[in-house]
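For reference, the structure is listed below as structure tokens.
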Amino acid sequence: MSVQDLTMVEAVNLALHRAMAADESVVCLGEDIGVNGGVFRATVGLQERFGEQRVMDTPLAETLIAGASIGMAASGLKPVMEIQFMGFIFPAFEQLITHAARMRNRTRGRMQCPLVVRAPFGGGIHAPEHHSESTEALLAHIPGIRVVIPSSPRRAYGLLLSAIDSPDPVVFLEPKRLYRVQKQPLADDGERLPLDSCFTLREGQDVTLITWGACVRETLLAADQLQERGIAAEVIDVATVSPLDMATLRQSVIKTGRCVIVHEACRSGGIGADIAAQLAEQAFDYLQAPIQRVTGFDTPMPYFRQEQWYLADADDICAAVKAVMDY
Amino acid sequence: MSVQDLTMVEAVNLALHRAMAADESVVCLGEDIGVNGGVFRATVGLQERFGEQRVMDTPLAETLIAGASIGMAASGLKPVMEIQFMGFIFPAFEQLITHAARMRNRTRGRMQCPLVVRAPFGGGIHAPEHHSESTEALLAHIPGIRVVIPSSPRRAYGLLLSAIDSPDPVVFLEPKRLYRVQKQPLADDGERLPLDSCFTLREGQDVTLITWGACVRETLLAADQLQERGIAAEVIDVATVSPLDMATLRQSVIKTGRCVIVHEACRSGGIGADIAAQLAEQAFDYLQAPIQRVTGFDTPMPYFRQEQWYLADADDICAAVKAVMDY
Amino acid sequence: MEPVMQTVRYLDDQGHTCQELPLWAHEMEPLLECYRWMLLTRQFDQKAIALQRTGQLGTYPSSLGQEAIAVTLGLAMEPDDVLVPYYRDHGTQLIRGCGMKDILLYWGGDERGSAAGPQQDFPVCVPIATQCGHAVGAAKALQLQGRSQAVACTLGDGASSKGDFLEALNLAGLWQLPVVFVLNNNQWAISVSRQKQCAASALALKGMGAGVRSVQVDGNDVIAMFDELTQALEAARAGQGPTLIEAISYRLSDHTTADDASRYCPQEELQQAWKKEPVARLKRFLTSQGAWTEALEQKWLEHCQHTVNSAVQHYLEYSPQLPEAMFDHLYEDWPTVMEDQLQAFAERRQRRLGE
Amino acid sequence: MEPVMQTVRYLDDQGHTCQELPLWAHEMEPLLECYRWMLLTRQFDQKAIALQRTGQLGTYPSSLGQEAIAVTLGLAMEPDDVLVPYYRDHGTQLIRGCGMKDILLYWGGDERGSAAGPQQDFPVCVPIATQCGHAVGAAKALQLQGRSQAVACTLGDGASSKGDFLEALNLAGLWQLPVVFVLNNNQWAISVSRQKQCAASALALKGMGAGVRSVQVDGNDVIAMFDELTQALEAARAGQGPTLIEAISYRLSDHTTADDASRYCPQEELQQAWKKEPVARLKRFLTSQGAWTEALEQKWLEHCQHTVNSAVQHYLEYSPQLPEAMFDHLYEDWPTVMEDQLQAFAERRQRRLGE
Ligand SMILES: Cc1ncc(C[n+]2csc(CCOP(=O)(O)OP(=O)(O)O)c2C)c(N)n1
Ligand SMILES: Cc1ncc(C[n+]2csc(CCOP(=O)(O)OP(=O)(O)O)c2C)c(N)n1
Ligand SMILES: [Mg+2]
Ligand SMILES: [Mg+2]
């Protein structure tokens with residue numbers, strides 16, 4: 001099996017090709033995903049290969065895309081719907097919350113709703129208004145929906161295949177800032193990665209850095225810098241932000257006694273709050289300093305000239321680590 | 001000025017009457033709010049008194065209700081829109097999140113968006129599916145929107161008047177379980193209550209109980225029971241769940257060293273997580289036990305035959321208090 | 001300039017034929033079947049309301065006056081068609097094999113009510129018009145799989161104002177999906193009248209902007225409804241695309257048991273509407289044809305009463321779900337990472353039941 | 001059965017009149033004004049694209065080929081009318097007094113771009129079709145306040161599939177609101193063609209289901225557009241209710257600078273479309289009437305270039321917002337309870353700038 005160097009968006013594309021080839025019931029739908037191959041090229045080649053019936057350009061209507069996907073999913077298909085940018089997912093909320101999340105629970109198992117919602121999210125690519133949001137916390141608050149966020153080509157490939165396999169509805173958020181920054185050697189071996197599991201990307205004894213999505217990159221950078229200062233940081237990519245694999249996070253924090261959580265979304269009501277609250281409860285006797293959160297501010301993502309002020313960088317993370325080390 | 005004994009829903013109605021009488025630019029719109037007076041009678045008498053132009057029954061379309069309200073608000077009116085049940089607010093999300101929350105920020109102050117979204121919320125009245133949700137955390141995660149939740153007739157009256165005064169968009173959630181359980185003597189004196197402030201309903205030294213909405217009732221009950229056992233609980237009604245008045249909460253927890261947070265919504269991603277995370281950080285050196293949360297479970301609100309299993313009661317709260325006292 | 005819709009009808013308010021009947025309606029048996037189901041539906045509704053009044057059922061939406069729509073739809077559908085209902089289709093659900101007990105369970109606050117019925121049928125849908133998206137998705141699935149089945153999606157006049165319906169209608173026309181939208185125009189969306197919902201002279205005109213064949217039908221005329229539904233469903237199954245049927249009827253009851261229509265519904269209008277209701281109308285026709293008698297009616301009503309009563313008995317005796325059932329089926333398997341929730345629940349249960 | 005829409009047009013593709021012109025179009029000055037604004041808009045678009053290509057502007061949506069729609073709307077509106085635009089209305093914005101510098105600021109990633117323009121006009125709207133709700137709300141406000149102003153709301157063909165538009169259209173018809181919907185049917189929604197968006201033969205047919213007067217107009221014919229817009233706006237101001245105008249045009253550019261239309265747009269179709277574009281068409285007509293010459297054209301183009309260049313200069317030299325500006329105007333006053341956010345920001349700023 002040939003190994004190729006792939007970017008994250010290419011890895012997404014590879015996983016879609018594989019899933020569609022393996023299972024006729026997998027279909028894709030969304031805006032501009034067909035002949036155009038998606039505005040980020042994530043669906044390139046799919047319509048050519050699998051036809052217009054299975055790779056569907058829809059009218060411009062996100063409520064409809066979600067509603068139709070639910071209808072398909074409950075009728076034996078496995079729809080992978082694309083929301084062009086996460087900032088445009090809100091019209092789909094009623095469908096996702098009142099139906100996708102509940103269809104099996106409501107019918108006591110008679111109907112399933114195995115759909116995947118793919119959406120590029122996050123800032124940092126100098127996009128116009130509404131093209132840079134990170135509102136994963138909203139969906140993570142909805143029981144019944146799994147929310148998965150890859151942060152490398154390899155994890156994008158393995159997690160997307162698992163998301164498509166999953167009989168539960170999965171929201172799969174792709175940090176577009178990472179779409180093309182890094183290539184990884186990847187074989188199209190179909191290897192799945194587990195949902196429900198955090199990934200420990202780097203081990204360390206001194207402090208636990210918890211993050212996901214595009215912030216994984218800055219956090220790893222920060223860990224490098226900390227290393228130079230003699231601080232060994234453990235870096236955990238949460239990856240599936242709902243439901244949360246607290247065991248891995250808890251064990252790490254019990255080990256290190258110190259924790260910094262990094263995310264791009266605004267602070268209040270972010271998933272960082274949830275993790276911090278649980279860790280503060282579950283590792284109460286082990287914490288040597290208050291958990292710090294490095295996040296966006298409680299404002300809309302500013303337009304791109306100022307977005308660097310909203311986005312945390314490695315220095316911001318290091319500063320927070322310093323605070324917990326010095327506490 | 002005559003003082004009347006009013007229920008919470010009557011207090012809401014009184015505040016609406018007062019606001020509409022005082023300011024011509026206040027208008028109400030929603031489904032069944034006109035001749036029917038609202039399915040909970042909150043808007044009774046308004047259309048008769050102020051006419052169909054200012055009290056508008058809309059077509060059945062929540063996206064439209066929100067969109068039109070934003071258009072009105074940006075054009076000099078002060079719309080008070082009703083969402084019939086919070087379970088039906090999701091079609092309004094795109095409008096509230098991408099526009100109401102941002103219109104002033106986006107136009108650098110040129111346009112305002114002074115609207116109020118009223119919605120009954122929460123369970124406990126044996127309603128059908130989707131009529132019992134508590135998803136206040138979703139809106140609390142959106143910078144630019146204030147989320148206010150009264151828990152008594154007096155606070156409903158004073159906070160609603162402040163919400164209508166506010167030049168910011170306010171989501172005003174009315175715990176329908178409390179609509180008619182209690183009467184309070186109320187004069188139509190126009191007295192506002194501050195947004196941005198918690199209300200300390202009961203003082204105590206031993207433990208801080210933090211809650212809002214319908215759970216205030218159970219929490220006060222629990223505080224009574226705890227009193228009998230010699231535990232003096234401080235009970236705080238958060239009231240404005242976004243933005244959060246952390247100072248009041250922090251001071252109380254610093255004083256008591258122990259904290260239990262009670263809410264009806266599911267646990268993960270609930271506002272309790274946010275409060276707990278902040279308190280664990282800000283009162284780190286004062287906490288004598290991990291903060292406990294007494295909440296709904298991470299499932300949809302079950303249909304009404306089982307909803308009592310989802311809703312926390314005074315015993316559940318007392319049990320959590322016992323845990324923090326015994327820690 | 002606005003095109004005028006003709007309302008299809010065969011029986012006038014008095015039950016006299018007002019145009020040549022379709023061939024199938026020359027036989028009495030199909031019409032008798034409709035009639036019997038309408039009576040049964042009405043009996044069921046009455047009983048459900050009585051249960052609610054006595055605290056044995058939750059909020060319940062009666063279909064009084066609109067039984068012809070539900071029943072003709074149920075009878076026009078093939079067993080392997082897909083029903084995507086809203087919440088006022090008890091007649092259709094019953095015909096498709098959903099038990100009365102199950103319908104009562106649902107409105108009695110028990111999730112198991114939606115476990116019943118044909119595997120492919122969708123459950124009762126409460127968020128208005130959202131089912132329309134599901135219907136086009138299900139229809140697309142059938143189209144893709146090369147099946148010749150149809151999807152029937154019901155909705156109310158209020159629902160016709162909500163984007164979900166309009167977006168789905170557009171897709172149905174665009175992709176020529178095998179779906180029939182049955183719009184129960186019962187003149188009210190709770191307290192909002194048809195006139196306050198839409199300025200178009202017919203709601204069926206909404207099909208025009210979506211390229212969907214549309215027809216307005218007297219929804220209290222069983223013959224017209226059954227005929228149009230059969231044609232539309234056959235067209236769908238034959239790959240000839242979607243149809244929108246606006247069925248004109250009237251809600252003779254409160255919106256639900258939680259509503260009091262006397263607050264907003266003009267008394268004379270209601271009285272007028274009673275003169276057009278579908279059961280009496282069909283009865284007059286059947287009687288005039290010698291196909292129905294008071295004796296048959298009494299016998300059938302007794303049968304209905306018996307059926308309903310034993311279903312109610314079954315419902316009332318049905319053992320409750322376990323409290324922990326709320327966790328079931330939410331995920332395919334309860335995620336291990338969420339076991340602390342089960343633990344917390346077990347503690348709550350222990351505390352409350354001492355078990 | 002489906003009603004056929006006639007497309008209103010006065011000038012054919014070659015700029016010849018194809019029916020008797022409205023009276024106002026016998027004068028050349030209004031048409032010259034349109035023409036000059038169209039050229040200016042086109043020059044501005046070109047410059048904006050050039051700025052984007054050189055990293056001095058963000059993603060930008062050109063209005064190439066659709067200038068007639070934007071310009072006639074701008075000229076047909078009264079200053080105190082309300083514009084509720086989408087994002088491809090640069091021509092209209094310019095005419096209404098929004099500076100080129102401001103438009104560039106907006107697309108250059110600076111919020112201050114939306115501070116400009118008439119007080120009552122809405123800012124550029126990115127979430128598709130959401131502006132339609134605002135338009136009916138604004139129109140209701142005018143109606144309530146007894147004002148005789150009109151609201152003009154623009155949207156694309158793609159937007160016509162989204163519930164927001166359809167719900168708003170319904171309300172406009174229902175409440176007879178003073179609003180004109182101007183649907184720029186440029187045949188594409190990014191890569192999705194008009195045919196893949198809706199099966200109806202005309203998007204204007206969507207007005208039928210809402211009881212809204214609707215008309216399909218050749219959107220590249222300045223005379224037809226200005227005439228229909230003027231009538232519709234006057235009707236709105238006079239309390240005669242809303243109008244939906246479907247303006248048939250063609251997007252001659254990429255969707256935005258982030259798009260590559262060659263991936264999906266058939267080359268011949270594009271070539272055909274160039275033959276119908278509005279600027280050349282009006283120029284031929286004006287020239288044939290002796291109202292325009294190459295010399296005038298050159299002079300005007302120089303003027304345009306000068307105007308655009310000095311606006312660009314202004315834009316490029318405009319001092320940036322302070323970093324903390326992101327907190328401004330979010331709340332009327334920054335809530336004291338959120339001061340820790342400002343504190344955290346100050347620390348970040350201090351760390352990064354050492355200030
Ligand atoms: C999205 C949404 N908004 C509001 C409601 C509350 N509600 C329930 S039924 C109803 C009226 C529906 O009217 P119509 O569509 O005509 O159906 P009918 O009940 O008359 O059969 C409303 C507003 C809801 N269930 N869902
Ligand atoms: C709700 C929403 N979904 C998706 C997008 C992404 N998007 C931006 S423009 C566009 C196509 C719009 O087409 P149309 O309405 O025809 O307007 P045009 O750009 O052709 O003028 C899409 C899908 C968006 N901005 N908003
Ligand atoms: Mg109705
Ligand atoms: Mg377009």
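What you see is a predicted model; the values in this text were computed from it and never measured.
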Revision key, fill the gap. So CE of Met208(D) and OG of Ser214(C): to nearest 0.5 Å the spacing works out to 12.5 Å
Point to revise | Atom of Cys198(C), atom of Gly209(D) and distance for their closest heavy-atom approach | key: SG-O, 3.3 Å
Review point. Which residues in residues 126-163 of chain D have any heavy atom lying under 4.5 Å from a heavy atom of chain C?
Key: Ser161(D), Lys162(D), Gly163(D)
Exercise for review: Heavy atoms only: give me the nearest Ala199(D)-Gly173(C) pair and the separation to one decimal.
Suggested key: CB-O, 3.5 Å
Review point. Nearest 0.5 Å, what's the NZ-CG distance between Lys206(D) and Leu166(C)?
Key: 8.5 Å
Revision key, fill the gap. Among residues 185-196 of chain D, those lying within the under-4.5 Å heavy-atom range of chain C are Gln195(D), Lys196(D)
